[in-house]
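The next block holds one structure in the form of structure tokens; read it before the comments.
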Amino acid sequence: MGTSSLNFRATKGGLGAFVEGVDLSADVSNSLGQELRQGLGEYGVLFFRDQDISPEQHIGFAERVGGVDINRFFQPVAEHPQIAEVRKEPEQKMAVGERWHTDHSYDLEPALGSILVARELPSRGGDTIFANMYAAYEALSDGLKATLEGMQAEHSTRHNFAKVPKAGEPGASEYVGRLGNQDLAVQDSVHPVVIKHPISGRKALYVNAGFTTRFAGWTDAESKPLLDYLYAHAAQPEFTYRFEWEPGSIAFWDNRATWHKALNDYHGERRLMHRITVRGEGLSA
Ligand code: SIN
């Protein structure tokens, strides 16, 4: 596939760009993969419209931009263990990823990004909101930037994936066919609070409400007020963009430079997405 018509058209919001001139059902070449990685580092999220890709092409796309990092808690797609299902059935009330988070920050080498493909959408609702952690960091005062630089934070899944009810336990039906492997929620990690982005070299705020538990060397009680401040600061509308899914939509987001949350406003309808997390290369300050 030629890449000469590739174009990044920035959204009118706080981050992200629509990628035009690309057909992802053709093989993603190494050079296109490199261009997309560069675009990801700059814009934080890349959006694609009117794509029709198979699970195999989804996996091929992920391999060209960094490789597959299999998520251990999500239900995989049948015969494609590399792909996680992000599913909500009409009778289920909870949506996966409702809270601001970034995927896999609990890992020692967090995922570079995630590629989410729309498979079945509700008649309305089910948007995903993204937030820009470059902009959130840059808008902090010099004093708070100086305080945060050099600090580290702990990330875990013990407070969420480990607590998912197992089959037969109260509330388990909400999670059946969606989340499991609770016994694997034992991997914690420590990362810089301000990272140097591996692609762009820009500084980004790297704590998130889903998985960050405390600042390293601080108690929970000491950490909470500052974490809450950072969460409220970074979620301000000017740092965000709300993506409306359509059939054929794909979002490829950077887990180091952005947060995301799934809106849960479509009760009684099914929403099914396929997600591959893309392998990262380690984080540093
Ligand atoms: C996720 O949190 O990875 C899924 C986001 C979504 O379903 O929109």
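From a predicted model like this one, the values you see are computed outputs, not experimental measurements. Atoms considered below: every heavy atom in the structure, side chains included; atoms not considered: hydrogens, waters and symmetry mates. Order of appearance sets the numbers: ligands from 1, and atoms from 1 within every ligand.
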Mind checking whether His267 and Glu269 have side chains closer than 4.5 Å, heavy atoms only? no
Going by the atom numbers of ligand 1, which of them fall below 4.0 Å from some non-hydrogen atom of Gly97? 2 (O)
Numbering as shown, the atoms of ligand 1 that approach Asp103 to under 4.0 Å (heavy-atom distance): 3 (O)
Is there a polar contact between ligand 1 and [X], counting only N or O atoms under 3.5 Å apart?
X: Thr128; result: yes
X: His101; result: yes
X: His260; result: yes

Under a 4.0 Å threshold between the charged nitrogen and the carboxylate oxygen, would Arg64 count as salt-bridged to Asp27? no
Backbone, side chain, both or neither: what part of Trp253 comes under 4.0 angstrom of ligand 1, heavy atoms only? side chain
Counting only N and O atoms by type, is there a donor-acceptor contact under 3.5 Å from the side chain of His197 to the main-chain atoms of Ile199? yes
Looking only at side chains, do Asn264 and Lys93 share a donor and an acceptor under 3.5 Å apart? no
Assess the side chains of Glu149 and Tyr137: does a donor N or O sit below 3.5 Å from an acceptor N or O? yes
Nearest option to atom 7 (O) of ligand 1, as decided by whichever heavy atom of Met273, Arg271, Arg275 sits closest: Arg271
Taking the six-membered ring for Trp and the single ring otherwise, decide whether the centroids of Phe48 and Phe252 are under 6.0 Å apart. no
To check your reading of the model: name the closest protein heavy atom to atom 4 (C) of ligand 1, its residue, and the distance in Å. Val86 CG1, 4.0 Å
